[in-house]
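In what follows, a structure is listed as structure tokens, so that the remarks can point back to it.
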There are 2 protein chains.
Amino acid sequence: MFNKVLIAEDLDSISVAVIQALEMLSVVEIHHAKYCDDAYLKIKKALLDKVPYNLLISDLSFKTDHRENKLTSGEELIEAVKKVQPDIKTIVFSIEDKSFRIKSLFNTLGINAYVSKGRNSLPELQTAIQRVYENEDKIISNELSHTLRGKSIFEIEAYDISLLKLLSKGYILDEIAKELKEAGISPNGSSSIEKRINKLKVYFKASNNVHLIAITKDLGLV
Amino acid sequence: MFNKVLIAEDLDSISVAVIQALEMLSVVEIHHAKYCDDAYLKIKKALLDKVPYNLLISDLSFKTDHRENKLTSGEELIEAVKKVQPDIKTIVFSIEDKSFRIKSLFNTLGINAYVSKGRNSLPELQTAIQRVYENEDKIISNELSHTLRGKSIFEIEAYDISLLKLLSKGYILDEIAKELKEAGISPNGSSSIEKRINKLKVYFKASNNVHLIAITKDLGLV
DNA sequence: GATCACTTTACGGTTTCCCGTAAAAAACTT
DNA sequence: AAGTTTTTTACGGGAAACCGTAAAGTGATC
């Protein structure tokens with residue numbers, strides 16, 4: 001089993017449970033950080049001292065408070081950590097359950113497992129740790145695996161997300177067109193953008209732009 | 001100390017920690033429900049058996065899954081519980097930190113304490129339980145008390161929330177007017193509604209309706 | 001009950017959204 | 001290379017949002 005594990009989790013109510021779960025797996029060294037910055041520093045320090053961590057278990061969202069932090073999310077933390085220690089194993093333990101976001105965690109960050117906080121997540125987390133230790137990869141906890149399978153024909157792409165983001169910032173069509181042109185993204189004619197937004201409205205069964213943003217906000221796409 | 005306490009919390013990672021915290025306060029009977037419906041049934045059953053709960057500690061948001069549930073949120077649960085057992089003490093333990101929503105919990109549901117899940121929430125939860133036991137009321141955990149003080153001049157009322165809710169459902173002005181008339185809420189002239197939405201746009205610095213909904217969604221108002 | 005302050009509603013003009021159609025451009029086929 | 005399909009862009013008309021102003025209603029005060 002892993003002998004040195006770091007947990008990045010802000011909620012104390014969750015971290016105590018995770019620590020307990022790790023103890024049951026007889027991990028000897030279990031460390032915990034409440035802020036991403038702290039977690040990053042611990043990993044760098046351990047690396048310098050030649051006693052690096054084998055595994056990082058991280059949440060995605062961290063509450064903001066009085067403290068100024070460079071790294072504010074699990075994504076940022078993992079990205080930064082992988083730069084200094086590419087061989088570290090990573091498990092994301094988060095409440096997030098939107099397939100779009102989880103997929104991108106595997107693809108862009110190369111995490112080893114994703115466990116969704118839920119009604120039976122502690123055992124799932126334990127088996128995920130076990131399987132990652134045995135060098136398995138791309139592990140998704142039970143509760144989620146079904147939602148990730150049922151994929152829709154119409155795949156939401158990064159382009160659609162940018163449109164939704166710009167819309168949610170209050171931009172009007174012409175402004176979005178201008179923005180995309182400057183960013184070198186195409187299609188960028190206001191008519192095409194209009195059409196694409198229309199597709200999104202059909203797909204999400206939204207009756208207008210306001211409705212569309214409300215729905216996609218709920219889904220965590222923006 | 002309370003001798004019979006019910007915890008309504010879906011995440012197992014959190015409930016084990018809360019149970020532990022209660023044990024430290026030497027609560028003898030600690031029960032736990034992962035679904036609002038289960039919690040409600042437990043409370044009703046205990047009441048019938050003449051061994052009622054003294055305290056309910058509830059989360060606000062519960063994940064949805066395959067199971068069909070009547071009660072889907074902590075608010076609904078507390079409202080239902082208070083109808084069958086008005087004297088029960090209630091503490092909300094949630095990640096929510098929007099002053100508007102917390103205020104309404106005290107005012108409309110009459111909860112006894114609110115503890116925000118955070119970096120030091122377990123001790124805060126313990127003292128809250130202690131103080132509720134000593135018949136103190138309207139307790140707000142440390143981390144939040146400051147944010148609730150700094151109040152704005154323009155108070156967002158329930159009326160505004162309904163407008164935003166209807167907007168986010170994709171309703172157009174005339175439809176909103178119609179809806180409000182049927183619900184007996186006034187003002188309900190489309191012009192007044194327009195003006196009110198305009199005030200909200202100024203207040204939230206939104207450039208149009210889409211932007212407004214994006215912002216208020218982020219704030220958790222809708 | 002007349003005056004004043006404030007709220008609610010009505011109305012009109014401009015802008016943007018919404019939606020269909022069609023032209024232009026690009027990509028693909030043979 | 002010519003034809004076909006698909007994607008992108010352009011255009012136009014009607015609906016809704018946007019924004020200012022004016023009228024009608026409401027309530028408090030004296």
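Worth saying up front: this structure is predicted, and the values here are computed from it rather than measured. We name chains A, B, ... by the order of the sequence lines, and we start the count at 1 in each one.
A salt bridge does not link A/D59 to A/K34: none of the charged nitrogens lies less than 4.0 Å from a carboxylate oxygen. Classification of A/E175 and A/K169 as a salt-bridged pair fails, no side-chain N sitting under 4.0 Å from a carboxylate O. Salt-bridge annotation for A/R67 and A/D38: present, with a side-chain N of the basic residue lying under 4.0 Å from a carboxylate O of the acidic one.
Atom CD of A/E175 is separated from atom C1' of C/dC17 by 13 Å (rounded to the nearest Å). A/L163 places its CG atom 15 Å from the C1' atom of C/dC17, with the value rounded to the nearest Å. B/R196 places its CZ atom 18 Å from the P atom of D/dC19, with the value rounded to the nearest Å. Look at CD1 on B/I193: it is 17 Å from P on C/dT7, rounded to the nearest Å. The separation between A/Y171 atom OH and D/dA17 atom P is 23 Å, rounded to whole Å. Atom CD1 in A/I185 sits about 16 Å away from atom C1' in D/dT8, given to the nearest Å. At whole-Å resolution of the value, CD1 in B/I197 and P in D/dA16 are 14 Å apart. Rounding to whole angstrom units, CG of residue A/L173 and P of C/dC19 are separated by 12 Å.
When only modelled atom types and interatomic distance are considered, B/D160 and B/Y203 share no side-chain donor-acceptor pair under 3.5 Å. For the residue pair A/Q130 and A/Q126, no side-chain donor N or O sits within less than 3.5 Å of a side-chain acceptor on the partner.
Residue contacts for A/N188: at a heavy-atom cut-off of 4.0 Å it reaches the sugar-phosphate backbone alone, with no base atom in range. Within 4.0 Å of A/N208, counting heavy atoms only, lie sugar-phosphate atoms of the nucleic acid but no base atom.
Comparing B/K195 and A/N198 by the nucleotide of DNA chain C whose heavy atom lies nearest to each, the residue mapping closer to the 5' end is B/K195.
Side-chain nitrogen and oxygen atoms of A/S191 include none within less than 4.0 Å of the OP1 or OP2 phosphate oxygen of D/dA10. Residue A/N209 places at least one side-chain N or O under 4.0 Å from the OP1 or OP2 atom of C/dC18.
For C/dC19, its base sits under 3.5 Å from the side chain of A/E194 at one donor and acceptor pair at least.
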